[in-house]
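Down below is the structure, laid out as structure tokens.
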There are 2 protein chains.
Amino acid sequence: MARMRPQVLIIGCGFGGLEAARALRTADVDITVVDKTNHHLFQPLLYQVATAGLSAPSIAAPIRHLFRRQRNVTTLLGEVVAIAPTERTVTLKDGARLHWDHLIVAAGATHSYFGRDDWAAHAPGLKTLSDAFEIRRRVLMAFEAAEREEDPVRRAALLQFVVVGGGPTGVELAGTFAEIARHTLPGEFRRIDPRQARVLLVEGSPRVLQAMPEPLSERAREQLAALGVEVRLAARVTGIDAEGLDITTATGAERLHSRCIVWAAGVAASPLGRVLADATGCTLDRAGRVVVEADLSLPGHPAIQVIGDLASAHSHAPGRPPQPVPGVSPGAKQMGRCAAANLQQRLRNQATTPFRYRDYGNLATIGRNSAVVDLDTPAGAWRFSGYPAWLFWLFAHVYFLIGFRNRFVVLIDWAWAYWTHDRHARVVAGSGLSAASPENGAQA
Amino acid sequence: MARMRPQVLIIGCGFGGLEAARALRTADVDITVVDKTNHHLFQPLLYQVATAGLSAPSIAAPIRHLFRRQRNVTTLLGEVVAIAPTERTVTLKDGARLHWDHLIVAAGATHSYFGRDDWAAHAPGLKTLSDAFEIRRRVLMAFEAAEREEDPVRRAALLQFVVVGGGPTGVELAGTFAEIARHTLPGEFRRIDPRQARVLLVEGSPRVLQAMPEPLSERAREQLAALGVEVRLAARVTGIDAEGLDITTATGAERLHSRCIVWAAGVAASPLGRVLADATGCTLDRAGRVVVEADLSLPGHPAIQVIGDLASAHSHAPGRPPQPVPGVSPGAKQMGRCAAANLQQRLRNQATTPFRYRDYGNLATIGRNSAVVDLDTPAGAWRFSGYPAWLFWLFAHVYFLIGFRNRFVVLIDWAWAYWTHDRHARVVAGSGLSAASPENGAQA
């Protein structure tokens, strides 16, 4: 009888899960990758799908296609709803059970409305392709509705766009909205002037891009202002409804009328963190992330590892106190590689290695021609902004895109958009005037 | 006071409406184009979106972008639900009214289930982008579900694909499904062999591609068989449900188990034909199309013209009896130009010209490397099939694609797909396991 190889189950195929599976390429194990969707998503460019610059297939690759040559991987489409650490199984939403000897949980994060889930309907977040299509629909339909609106007050409200959250996603979205209004759409409307659209960015802290050094935050704010984005700093959102939102700043309360609000403010760990805590008694941090050991395993459950945005992990550099790992894609990828290495060490009965995060720096783009870059190099910090930073950002992102074809098509799309100011993916399925529904699908 | 220019309203921006508006480029009129969606769709390639070969923006262009330089056109997003010929207005779904002096109705066609609308849920048709996404989802999800299915009988049913209707769309879909199963997916699954999928094409008449000469129909059938498509001719569909369909052929009744059935059999005119008939008393033919005069105007209503798939029109060549115009895109485009010319002649109080359809021939593709071509040339009919026909088909379609960028990207996509057998758009938003719903959109 053939020896049964250890069964490795990886939940989620974002940056962490994909990297873990790839790092086990030559390992003598059977790997099953389970994901809720059929694609790996290059999330740093998701805002380009939401703003009609890229089509979805440019940044999403079918998971089983990525693993087609890695014969020790089986890809399954399914949503894990329960984890049994003693039986070593997980249960999928449709009741199916999968066995594992080693479990890597890389289920990622979702939006958090800080307890105000009623805001979700009026201010969608941006995590999935469905989210991106919904934001694309809202932005484009706001201009369409404005072209048909006779009342100047309602028309102005339709042409007011609000992004909540001044992190990288919020800054990218606000900058691109301003570009669409100023450069893409003018000339295409007959009754409105899209350049009169207002784009507001609302941030709770006193500066945008908090993960960046302060001078770069200030440069980003200036570049946003140059694009026409109005930035409200140290602003607290107190309410969101179908007609707009209420904020409070140092100067008092303000009502912002808007029919297109995007939520880029809060991130919460996947609900699987709670599932794991209920099953194992492990600890969750305030954001719902699973507190892991230095080697990324679950305390008391060495066969379970948690990585990526779902993990509350620390970096262990020799001679320095442990540092929390930021929720960025290089962190998830490095955790994926570390988890795979530790799993193999455990199979060989060797000691595991503490996770060490290598921070190569931070990038954020603001719009056409502007970005900020903060790199850690052996020669010291290297910080720059403006056009050179934008070029750097562009090539870094295209380089890391999964799959050669995507890189090539994305470069063409961007070259085209750059020269023409056009955004080719300005297509909304169905009538678009209301959210996606079976009725829309049935229209001729 | 400025002289009021004649107001031309065009309902629908398919091939007919787009061509009519463009032909009025230099006319001294104000044109409003109303469409239910924000894009013009290159329908001959819609099957490529449904089969994941092209992304939606490759074959769909925002209508207002197409008219950005044509200053006498205003584009409005809206659905016309009523037409008042005496008041010369139309009413949109949201109650808004638009005035017109001249009306061109180019609302196209939708699917017809021959009175069995309950079949629609189990066998979607292919007319809109939403339809294409739904078919893409069903095809890809059938393979995903089969990979997870343990029961061999249910697994076989999941791997059985049925296309109803042997016209150009049905032949293209069936041929491409077979290609996906034989060439794109093998190697990506671990538990099933996608090559074991069965693709069936069910046609009511004794041959596929009825609009083609009989020898080309036979060549198409042979090419389909070579791709692995089982063709059932002279087969009548008697029932469709969630588990499969029932057909009757000369040899008796047959039950085809399938979880992925596509309807490419029946076409019905847009419901606006009925609206027009109720408002004006005009005649509809059996397919619900509006019977028009020789100059494409409505009998008794010279200010209303009906073109494209909604019109039951005839071609009037000198010295020959009138011939019905086929429901193909060259017919719609030629009607669009004729309607625009007659409208201008009427503005000048000149006599209008009867419509004359120029038939340049027929193309249909069957799959990678195969097609059939039937051209009418001044030197006589030119008929060929196989690889040269496929190349001809490819360049003809890319040439007629709207917009330079699209043509370029589509060519790259096809060159890539040709060499790698890959289909890059195999991406389904949401979990995909159930139809698009708000819940899918909310998944992380």
Side-chain angles (χ1 to χ4, degrees), chain A residues 36-39 55-58 60 62 64-65 67-69 74-79 96 108-110 120 127-131 133-134 140-141 144 147-148 187-191 270 405-406 408-409 412-413 416 422 424-433 435-436 438 440-444, chain B residues 36-39 55-58 60 62 64-65 67-69 74-79 96 108-110 120 127-131 133-134 140-141 144 147-148 187-191 270 405-406 408-409 412-413 416 422 424-433 435-436 438 440-444:
Chain A
K36 284 198 285 196
T37 71
N38 80 334
H39 51 273
S55 64
S58 291
R64 59 175 70 259
H65 186 67
F67 290 125
R68 67 195 179 284
R69 295 208 186 86
T74 300
T75 306
L76 294 183
L77 181 73
E79 184 176 347
T110 180
K127 276 280 167 194
T128 66
L129 279 183
S130 302
D131 295 340
F133 293 144
E134 176 59 18
L140 296 178
M141 290 306 126
E144 294 293 336
E147 178 83 340
R148 286 194 43 200
E188 298 196 4
F189 290 79
R190 301 292 180 257
R191 301 169 176 188
S270 154
R405 186 199 158 279
N406 281 355
F408 186 52
V409 169
I412 292 172
D413 278 348
W416 180 263
D422 187 21
H424 82 283
R426 282 159 47 207
V427 166
V428 174
S431 80
L433 284 172
N440 280 344
Q443 290 191 50
Chain B
K36 284 198 285 198
T37 72
N38 80 334
H39 51 273
S55 65
S58 291
R64 58 176 69 260
H65 186 68
F67 289 124
R68 68 196 181 283
R69 295 207 186 88
T74 299
T75 305
L76 294 183
L77 181 71
E79 184 177 348
T110 179
K127 277 280 168 192
T128 66
L129 280 182
S130 302
D131 295 339
F133 293 145
E134 176 59 17
L140 297 177
M141 290 306 127
E144 294 294 338
E147 179 83 342
R148 285 195 44 201
E188 297 195 4
F189 290 80
R190 301 292 180 258
R191 301 171 176 187
S270 154
R405 185 199 159 281
N406 281 355
F408 187 52
V409 170
I412 291 170
D413 278 347
W416 181 262
D422 188 21
H424 81 284
R426 281 161 44 207
V427 165
V428 174
S431 79
L433 285 172
N440 279 343
Q443 293 193 46

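Source: prediction; values computed, not measured. Reminder, nothing fancy here: chain letters follow the sequence lines and each chain counts from 1.
- Highest contact tally toward chain B, considering only A/R191, A/H39, A/E188, is held by A/E188 [criterion: heavy-atom pairs under 4.5 Å].
- Listed here is the closest heavy atom pair of B/V428 and B/L140: CG2-CD1, 3.9 Å.
- The minimum heavy-atom distance between A/A60 and B/V427, with the atom names listed, is O-CG2, 3.5 Å.
- Both the backbone and the side chain of B/T74 have a heavy atom closer than 4.5 Å to some heavy atom of chain A.
- Looking at every heavy atom in both residues, A/A429 comes nearest to B/S130 through CB-OG, 3.5 Å.
- Residue contact with chain A, scored on non-hydrogen atoms closer than 4.5 Å, involves the side chain of B/R190 exclusively.
- In plain terms, the two heavy atoms of B/F189 and B/E144 that are nearest each other are CE2-N, 4.4 Å.
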